[in-house]
Amino acid sequence: MELSPRFNFNEVDEKWSKFWVENNFFHAHVDPAKKPYAVVIPPPNVTGILHMGHALNNTLQDIMIRYKRMRGFETLWMPGTDHAGIATQNVVERQLSKEGKTRHDVGRDEMLRRLWDWKKQYGDTIINQLKKLGASCDWERTRFTMDEEYSKAVRSVFVRLYEKGLIYQGEYIINWCPRCQTALSDEEAEHRDLQGNLYYLRYPIKGEENAFITVATTRPETMLGDTAVAVNPKDKRYKKYIDKTLTLPLVDREIKVIADEFVDSKFGTGAVKVTPAHDPNDFAMGKRHKLEFVNIMHPNGVLNERAGDFEGMDRFEAREAVIEELSELKLLEKIEPHTHAVGHCYRCHTVVEPYLSKQWFVRMEPLAKPALEAVRKGKIKFYPSLWTKVYLNWMENIRDWCISRQIWWGHRIPVWYCVGDGQCKLACKEPIVSATVPEKCPHCGSGNLKQDEDVLDTWFSSWLWPFATFGWPFEDKANKPAREELAYFYPTASLFTAPEIIFFWVARMIMAGFEFMGDIPFSDVYIHGTVRDAKGRKMSKSLGNAIDPLEIIREYGADALRFSLIINSGQDLFISKEKFEIGRNFANKVWNASRLILMRVSHSSADFDLAKVDRRALDLPSRWIISRFYVTLEKVGAAVDRYRFSEAESLIYEFFWSNFCDWYLETIKDRWADENVPKVALGVLENSFKMMHPFMPFVTEELWDKISKGKGALCIQGWPAFSRKLLDKEAEKDMEALRGVVSAVRTVRTQWNITSGQTISCCFIVRTRKDAALLEANLVMIKNMARLESVTVGQTLAKVKNAATALVGGIKCVIPLGGVIDVDKEKKRILDQAGEQQRLLEGLEKRLGNKEFVKKAPAEVVAKEKERSAALQAKVRELKQVIASLE
RNA sequence: GGACGAAUAGCUCAGCUGGUUAGAGCACUUGAUUUACAUUCAAGGGGUCGAAGGUUCAAAUCCUUCUUCGUCCACCA
């Protein structure tokens, strides 16, 4: 069979991703004979296009899922997308604005129609891209957070929590995005340090000439909504002013000086302006002191009628204007530069406004309790474990969750208000909370009901993902199979996500799991690093530093993308395009090694069972490579089990490239006619495909298909079985010795600048029969690997003039070089070597002479050191003799 | 302000429970190639393991302090 000299991933990738899906290999079902292993995908936004973060996240999941599938688990990888309320609405609003319209121009129904159209047209984009990556999801189950069934779960959860008293409505200061014109949760407001100013404003004291209290603020425009000035009751400077009346400049409102412990006397002037409607702390103070709440702003950030002359100005415009006017009135004392953290909308990056409005909230403390316990007691484990503390710290200080959003794309809040038809009584003011559309008001019977305008936070649906994707709460009683599936696969096994998602999603899923399923949603949480550019900046479209994974797939192949990402994924990844060469080169190496074997080996050799072969019939390199394979297999499995994916790949890389290709395949080059050699080569290759498949599914499936046709698809093969008996310690040790000998000869070759045209011979001088036998048995291999013309093995120290020498273990290589050798140079080299060994020996002997060491160190350490010392002594002796022979 | 992490070759990092002469990839130098692969092979140079103390027979590894970076959280107006 002919293979091209390059791995043409372009011809291969699509073929297999189609093949896997068409053959339904990834469809999971209840199988009592198998253990379940389920992972739910972090649902990407429907607006999403695959970026490096997705590529990393999904490759990790795919490795684990493919690995577990091969290990005999019934694996389910549940895919789907998230409706991403604000993000999606923003996308469609941008389309609208190209037509010169806003969502309010077209109205809610038309806007929703457009949103669904958009979803139908583009919503599968990222799903298709995940298929290109090789993700082995159960695609039949692909869910969307706004599927009808899923939406039922969301409404049901709202009603349940409301009935439990865990959902309430109230007027509070929330994070408001004036551009999106919606409330945001605390997590959705991203704090960034901004260079701003601290403005010192003077508020005149009523009835006193030229007397002021100076307050400091970063947002001077909010002074228009001030309803008090607060000082610390212990602050001696201000004691006399407490309860005095001030005149609020520009709006001429009379406000009181109040005393509140919250005020930090050391900051600013020690006196704080209090704006209860525009600042969370002031809001609390306002409640404590029963102050008036003056809202000076429209939802779009433009000042309203309460702002007097400033009405109609944007908040930042007003800031300038207020300062200018106060300055003219000589009421601006000074301006100091001041850096402080300012919240930004996580979707559009507009500066968030603390804004007073009526919203729905979830009471989190009761939900957090079991979720905290589960992690504290280790029922849920984080990998790496350091994230445990981050999680616990947040959960211990959890605050209520604002879940209403003033947008249209999402799950509409299942609350209705009785508008009444004349006969309405007081009771009808109670909202009607119902999972289904109520027909009439339960109090007055009126059918004139109006649903709450708001929708729910996107995360209020995604926190149900691990069970709502199965069809929970199964209101359709006939849906028995789905119930069984949930019972079988829940709790799921592992969750793979990025650190910034811990609060948004992971913590909330754990809470929902306990609240609605009475159990953890998953037992392991693997937190992977962030993908950054070579300079360490986050990859982002706006920075223009993003590398498109699809471009890498086109140019280097999906396996190259996957392999390169994972081998760099120990912590945060610093990625540039060249980083993907390692994966491309490795996939190509796998391809070419297979090509070599295919060119020499007939397919009948494929039935060779590595695990059952009689080792005694094999040559040393074959025994060695089989043992190396099993050592690697065991370590790779252990690494994946511990979520150490980059380590697993390094092991594979080292084994396949440095051991199998560079040594084994090289040693057998002239021995394809031997009985066992082709079988071992093919056997190791086939088993390597299995071991490598979770990491590089495409190239391995392609090669498996070429080499092992008839055994079925590689992706559903069993993981090679391991047992200690398959290891061959002796072969490993012997082969290491011979590799050292070969390397030593090669070094001498390079050092003496011996080109390939020149043939040299080597004499090995050994002390033990065992070494002699080892060399004799492998002379051909050594000759080939070290490119030697002739080799002899002797047991006496030959006195050879003009010879380069090298010592490996107990074996001395003597290479007569005739005229090429510069005796002085060689002498110096040997002397240097001897000096170094001597130093090592002295250090060792000092340690061995230390009674404490001999007494306290573990016996095997002492034994090892003694052995080493003996070997070093022999070596030093040898080197001295070599020098003598050069005299 | 709090919490957590990192510092090892020019660069990116591994080094897990203290125990051979601290490793890998990239980059660099030199050489090889009618041979499966130049997306290759071989050989080499390059390290006071951030600093200072301490514990120990033994420290890159454990402890303390410091320095420098990073991440997350937080209402200092």
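Every value quoted in this text rests on a predicted model; they were computed, and no experiment measured them. So you know, we letter chains A, B, ... as the sequences are listed, proteins then strands, and number each from 1.
Aromatic ring orientation, Y643(A) versus F645(A): perpendicular (interplanar angle above 60°, classes split at 30° and 60°).
The distance from atom CD of Q751(A) to atom P of A43(B) is 12 Å, rounded to the nearest whole Å. Taking atom NZ on K635(A) and atom P on G15(B), their separation rounds to 14 Å, with Å as the unit. Distance CZ (F586(A)) to P (A36(B)): 19 Å, rounded to an integer number of Å. Atom-to-atom, CD of E581(A) to C1' of G25(B) comes out at 12 Å; the value is rounded to the nearest Å. The CD1 atom of I652(A) sits 17 Å away from the P atom of G25(B) (whole-angstrom rounding). Per the geometry, CH2 belonging to W657(A) stands 10 Å off P belonging to A42(B), to the nearest Å. Rounded to an integer number of Å, the gap from CZ of F656(A) to P of A24(B) is 21 Å. Rounded to whole Å, atom C1' of A77(B) lies 8 Å from atom CE of M285(A).
Note that the CE atom of M781(A) and the OG1 atom of T667(A) stand 6.5 Å from one another [nearest 0.5 Å].
Each of I174(A), D400(A), N175(A) was checked for a side chain to side chain contact (heavy atoms under 4.5 Å, CB included) with D186(A), and the lone residue meeting it is N175(A). Just one of W591(A), F586(A), Y556(A) meets the ring-ring contact (aromatic ring centres under 6.0 Å, His included) condition when paired with F7(A); it is W591(A).
Nucleotide A24(B) is matched to U12(B) when pairs are restricted to Watson-Crick or G-U wobble geometry with both distances under 3.5 angstrom. Of all nucleotides present, only G31(B) satisfies the Watson-Crick or G-U wobble test against C41(B), with each distance under 3.5 Å. Across the strands present, A3(B) finds its partner in U71(B); the criterion is a Watson-Crick or G-U wobble pair with both atom distances under 3.5 angstrom. Both distances falling under 3.5 Å, in either a Watson-Crick or a G-U wobble arrangement, occur for no nucleotide opposite C49(B). Under the Watson-Crick or G-U wobble criterion, with both distances below 3.5 Å, A36(B) is left unpaired in every strand shown.
Under the side-chain contact (heavy atoms from CB on, under 4.5 Å) criterion, D193(A) pairs with T339(A), A341(A), sequence neighbours left out.
Ionic pairing of K846(A) and E842(A) is not present here: no N-O contact between side-chain nitrogen and carboxylate oxygen is shorter than 4.0 angstrom. Using a 4.0 Å cut-off between charged side-chain N and carboxylate O, R562(A) and E649(A) make no salt bridge. Under a 4.0 Å N-O distance rule, the pair E736(A)/R739(A) qualifies as a salt bridge.
Here the side chain of T750(A) is nearest to one of A43(B), U40(B), A14(B), namely A43(B). In the set C57(B), G19(B), A43(B), the nucleotide with an atom closest to the side chain of R746(A) is A43(B). With G25(B), C16(B), G19(B) as the candidates, the nucleotide lying closest to the side chain of E647(A) is C16(B). When distances run from any side-chain atom of K389(A) to the nucleotides U40(B), C4(B), C13(B), the shortest one goes to C4(B). The side chain of N588(A) has U39(B) as its nearest neighbour among U39(B), G19(B), C41(B). Distance from the side chain of T217(A) is smallest to A77(B) among A36(B), A77(B), C57(B). Of the candidates A43(B), A36(B), C57(B), the closest approach to any side-chain atom of F853(A) belongs to C57(B). Listed nucleotides A14(B), A77(B), A36(B) differ in distance to V272(A); the shortest reach to its side chain belongs to A77(B). The C661(A) side chain lies nearest to A36(B) when the options are A36(B), A43(B), A14(B). Of the candidates C41(B), A43(B), A32(B), A32(B) carries the atom nearest the R787(A) side chain, counting heavy atoms from C-beta on.
D282(A) comes within 4.0 angstrom of no nucleic acid atom, judged by non-hydrogen atoms across all strands. Residue-level contact check: S743(A) touches the backbone only, with heavy atoms under 4.0 Å from sugar-phosphate atoms and none from bases. Residue contacts for V263(A): at a heavy-atom cut-off of 4.0 Å it reaches a base atom on one of the strands shown. At a threshold of 4.0 angstrom between heavy atoms, the contacts of R600(A) are confined to the sugar-phosphate backbone, with no base atom among them. Nucleic acid contact for P858(A): base, since at least one base atom lies under 4.0 Å from a heavy atom of the residue. Heavy atoms of K589(A) sit under 4.0 angstrom from at least one base atom. In this structure, K579(A) reaches the sugar-phosphate backbone alone: every heavy-atom distance under 4.0 Å involves primed, P, OP1 or OP2 atoms, never a base.
In terms of heavy-atom proximity, V322(A) sits nearest to P220(A) at CG1-O, 3.9 Å.
With hydrogens and angles ignored, no donor-acceptor pair closer than 3.5 Å exists between the side chain of R595(A) and the base of C37(B). Judged by distance alone, with hydrogens and angles left aside, E666(A) brings a side-chain donor or acceptor within reach of the base of A36(B), the pair sitting under 3.5 Å.
Between F382(A) and W387(A), the gap from one ring centroid to the other reaches at least 6.0 Å.
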**Message:** Within the 4.0 Å limit for protein heavy atoms, which parts of nucleotides 71-76 of chain B are touched? Write it as a string from 5' to 3', B for base, S for sugar-phosphate only, - for none.
**Reply:** SSS-BB

